[in-house]
Amino acid sequence: MLPHKQIELRLQQAVRAVLPEADVLAVLVRPCPDPKFGDYQSNALMSLAKSRKLNPRQLATDALAKLDVSEICEKVEIAGAGFLNFRLKPVVLAQTLQAAARGEHLFSEKAASPKTAVIDFSSPNVAKPMHVGHIRSTILGDCLARTLRLLGHRVITDNHIGDWGTQFGMLLLGWKHHLKPDALKTDPIGEMERLYKMVNATGEAMATVRDAARQELVKLQSGDGENLKIWREMIALSEKQFDEIYSRLGVKFDHTLGESFYNPRLKPLVEELVVRGIARESEGALVIFFDDIPSLKEHPTLIRKSDGGFNYTTTDLATLEYRLKTWQPDEIIYVTDGRQQLHFQQVFAAFRKWQSQLPSANPHLPTLAHVWFGSILGEDGKPFKTRSGETVKLADLLDEARERALKIVSEKNPDLPEAQRHEIARVIGLGAVKYADLLPNRQSDYVFSWDKMLALQGNTAPYLQYAYARIKSIFRKAEETSPAAPKRSEGGNIEHRTLNIELAAAEEITLAKHLLNFGLTLEAVAEEYRPNFLCNYLFELAGKFTAFYENCPVLKADSAVRDSRLALCDLTARVLKQGLETLGIETVEQM
RNA sequence: GCGCCCGUAGCUCAGUUGGAUAGAGCACCUGCCUUCUAAGCAGGUGGUCCCGCGUUCGAAUCGCGGCGGGCGUACCA
């Protein structure tokens with residue numbers, strides 16, 4: 001168990017001894033904001049004292065009397081209003097690093113009770129190009145999936161693509177009358193988008209076009225052979241595009257169950273909801289009212305439109321039911337933009353209402369989480385919407401990123417073979433785009449900017465990848481200059497089985513202590529669904545490594561120091577690589 | 001009208017149960033490539049954390065009231 005966990009556990013036991021009724025799970029041990037206070041601190045006693053009108057310093061003293069962490073920490077200090085400050089014993093720090101060097105852990109622990117989580121993200125629409133608006137959901141969702149998996153949870157990713165709905169009426173009408181086969185061959189998505197826009201535009205002016213489109217939709221929904229055939233072709237063409245983008249992004253889904261998958265279930269589902277008295281007719285539509293939920297009292301949700309059609313609430317309820325039956329998840333996570341908050345409140349409330357009324361009511365309903373993110377804005381601060389020709393296509397963004405990175409790598413490192421420079425540019429460009437998306441708090445609105453997305457300096461992915469490449473460079477040099485250098489194990493890491501890690505320089509100690517906080521950070525990411533915590537952690541790690549790199553020569557040091565520093569380098573590289581991988585970002589050995 | 005979110009350095013933004021002297025990147029200024037990769041480092045400039053009141057030992061963070069902005073609010077998703 002990592003030292004801070006041990007401290008936390010013992011502190012919780014001590015608090016239980018002093019305040020038996022207290023919720024000790026809220027007693028947390030966190031890294032100190034400033035190393036002068038110590039390595040870890042707990043503020044919990046102050047809030048416990050406050051709610052009980054106790055003297056916080058006295059409570060701290062009482063808890064301390066029951067606390068024995070002497071083999072982990074130096075003397076525990078009570079500071080200020082009642083902070084407990086812990087300072088790790090150097091030997092504990094060294095032992096933790098050595099255990100990591102032996103491959104026993106990488107500063108994180110698997111969850112004690114693994115859960116099953118379904119993550120719903122990306123969800124692009126058929127017949128439309130993937131643009132920058134899709135990147136947040138895709139990258140965030142993928143990162144959350146990776147984080148939960150790393151922590152030992154069972155994760156099921158599901159891409160709920162938009163392959164059904166009213167847009168297909170217009171698409172079918174356009175396809176039948178205005179399709180340009182050559183254009184479809186060269187740029188299928190562009191051609192389908194053109195058809196949609198064209199019919200949509202004329203439909204706004206002409207009722208006959210609207211009606212014709214509606215007719216095509218009705219035919220599709222009632223199983224018309226020709227329309228189904230065209231519809232399937234549109235999906236196939238779109239999925240080809242999705243696959244290309246996902247392959248470039250390195251994003252994989254366990255399932256791609258689009259809206260149409262749930263189509264057969266919609267009618268019986270709605271009937272069931274009516275029979276159970278959850279939905280009722282209102283103004284010609286079937287509606288679920290939430291009179292018992294104040295925040296939703298004014299916001300009923302439709303599950304069948306007055307024209308008999310179903311909408312996305314219906315589909316989402318059917319989807320929830322399917323996921324529950326199929327995977328028995330503990331948690332279902334939806335990664336969409338914040339504008340859908342009300343919708344998900346309604347879906348979640350309707351689902352609970354429905355499930356609670358089933359005869360065999362499931363006592364263990366999953367946690368439903370809407371992980372929302374801010375809107376994408378243009379550089380003018382106005383909503384970045386699909387206006388004619390102004391959408392930045394995802395493929396173009398990735399191309400531009402790769403080109404800018406190639407230009408830089410060719411300047412910095414012209415001697416590398418061309419193929420290698422291209423590969424580096426791919427990894428760096430892609431990493432920069434992803435990192436730019438993960439770094440801000442997800443709830444902030446997102447001002448799209450080429451320069452920001454493609455920045456290669458400062459707090460960016462290339463900075464982290466650069467730190468990694470520098471470490472790898474040290475190891476290359478070590479092998480060149482000294483045949484007696486530590487050997488590489490099969491995993492590409494250095495063997496440390498007999499290694500003694502000794503930390504003397506301030507930069508070494510600071511770096512080492514930061515490594516210990518990797519798992520803590522991953523847990524925070526999983527808890528709050530916020531990958532930016534990991535970005536910041538890695539940026540600090542790279543910064544602390546750089547300080548070490550500037551001040552502590554590795555290869556020129558005497559044998560014992562050198563081996564210890566090599567081990568520290570290797571552990572840093574592993575955490576950087578693992579951390580970046582969790583963000584969905586690759587590393588390169590040289591750049 | 002109601003609901004959600006936001007307002008922190010010139011710009012873009014972090015800020016982990018309320019916690020210790022509010023941080024980073026960009027931009028700008030001064031230094032540092034015979035020394036493990038300068039996509040870097042060291043230092044400097046830069047703040048009424050929108051305003052006011054309150055709760056608290058302690059507020060950027062919580063409550064109330066303003067001001068400003070974004071989004072949502074029954075048949076698109």
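Each chain gets a letter, A, B and so on, in the order its sequence line appears, and its residues count up from 1. Since the model is a prediction, treat every value here as computed from it, not as a measurement.
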Taking only the side-chain nitrogens and oxygens of [X], find out if one of them lies under 4.0 Å from OP1 or OP2 of [N].
| X | N | answer |
| --- | --- | --- |
| Lys477(A) | rU37(B) | yes |
| Tyr435(A) | rA39(B) | no |
| Lys452(A) | rU12(B) | no |
| Arg470(A) | rA38(B) | yes |

Using atom [atom1] in both nucleotides, what's the gap between [N] and [M] to the nearest angstrom?
| N | M | atom1 | answer |
| --- | --- | --- | --- |
| rA24(B) | rC6(B) | P | 24 Å |
| rA9(B) | rG46(B) | C1' | 5 Å |
| rA22(B) | rU16(B) | P | 15 Å |
| rC2(B) | rG65(B) | P | 11 Å |
| rC29(B) | rU61(B) | C1' | 34 Å |
| rA60(B) | rC51(B) | C1' | 14 Å |
| rC53(B) | rC67(B) | C1' | 15 Å |
| rG69(B) | rC26(B) | C1' | 24 Å |

Less than 3.5 Å apart, any donor N or O on the side chain of [X] or [Y] sitting next to an acceptor on the other?
| X | Y | answer |
| --- | --- | --- |
| Thr313(A) | Asp316(A) | no |
| Thr510(A) | Lys544(A) | no |
| Asn459(A) | Tyr435(A) | yes |

Hunt down the Watson-Crick or G-U wobble partner of [N], both distances under 3.5 Å, from any strand shown, or write none.
| N | answer |
| --- | --- |
| rC64(B) | rG52(B) |
| rU17(B) | none |
| rU35(B) | none |
| rG25(B) | rC11(B) |
| rG3(B) | rC71(B) |
| rA42(B) | rU30(B) |

Practice prompt. Applying side chain to side chain contact (heavy atoms under 4.5 Å, CB included), name anything that partners Asp415(A), two or more places apart in sequence or on another chain.
Written response: none
Worksheet item: Is a donor-acceptor contact shorter than 3.5 angstrom present between the side chain of Glu283(A) and the base of rA74(B)?
Response: yes
Worksheet item: Going by modelled atom types, is there a donor-acceptor pair between the base of rA42(B) and the side chain of Asn551(A) at under 3.5 Å?
Response: no
Any base atoms under 4.0 Å from [X], or only sugar-phosphate, or nothing? Heavy atoms, all strands.
| X | value |
| --- | --- |
| Leu342(A) | sugar-phosphate |
| Asp163(A) | nothing |
| Gln345(A) | nothing |
| Gln590(A) | base |
| Ser306(A) | base |
| Glu298(A) | nothing |
| Ser295(A) | nothing |
| Ser282(A) | base |
| Tyr549(A) | base |
| Tyr312(A) | base |

Response to the item:
B/S/- along nucleotides 14-19 of chain B (protein heavy atoms under 4.0 Å) is SS-BBB
Worksheet item: Ring of Phe37(A) versus six-membered ring of rA20(B): centres under 5.5 Å and planes under 30°?
Response: yes
Worksheet item: Is the aromatic ring of Tyr466(A) within stacking range of rA39(B), meaning centres under 5.5 angstrom and planes under 30 degrees?
Response: no
Item to complete: Identify, between Cys552(A) and Gln341(A), the residue whose nearest nucleotide on RNA chain B lies closer to the 5' end.
Response: Gln341(A)
Worksheet entry | Of Leu84(A) and Val554(A), the one whose closest RNA chain B nucleotide lies more 5' | Leu84(A)
I'd like to know if [X] pairs up with [Y] as an ion pair, taking the criterion as any Lys NZ or Arg NE/NH1/NH2 lying under 4.0 Å from an Asp or Glu carboxylate oxygen.
| X | Y | value |
| --- | --- | --- |
| Glu193(A) | Lys197(A) | yes |
| Arg214(A) | Asp211(A) | yes |
| Glu400(A) | Arg404(A) | yes |

Discussion item. With a sphere of 6.0 Å drawn around CG of Asp558(A), does it hold more than 12 non-hydrogen atoms of other residues, nucleotides or ligands?
Written reply: no
Discussion item. Does atom CD (Glu21(A)) have a neighbourhood of more than 12 heavy atoms from anything else shown, all under 6.0 Å?
Written reply: yes
Worksheet entry | Nearest non-hydrogen partners of Arg210(A) and Glu204(A), listed with the distance | NH1-O, 3.6 Å
Discussion item. Quick check on rC5(B): syn or anti? Syn means the glycosidic torsion is within 90 degrees of zero.
Written reply: anti
Worksheet item: How long is the line joining CH2 of Trp164(A) and C1' of rC76(B), in whole Å?
Response: 16 Å
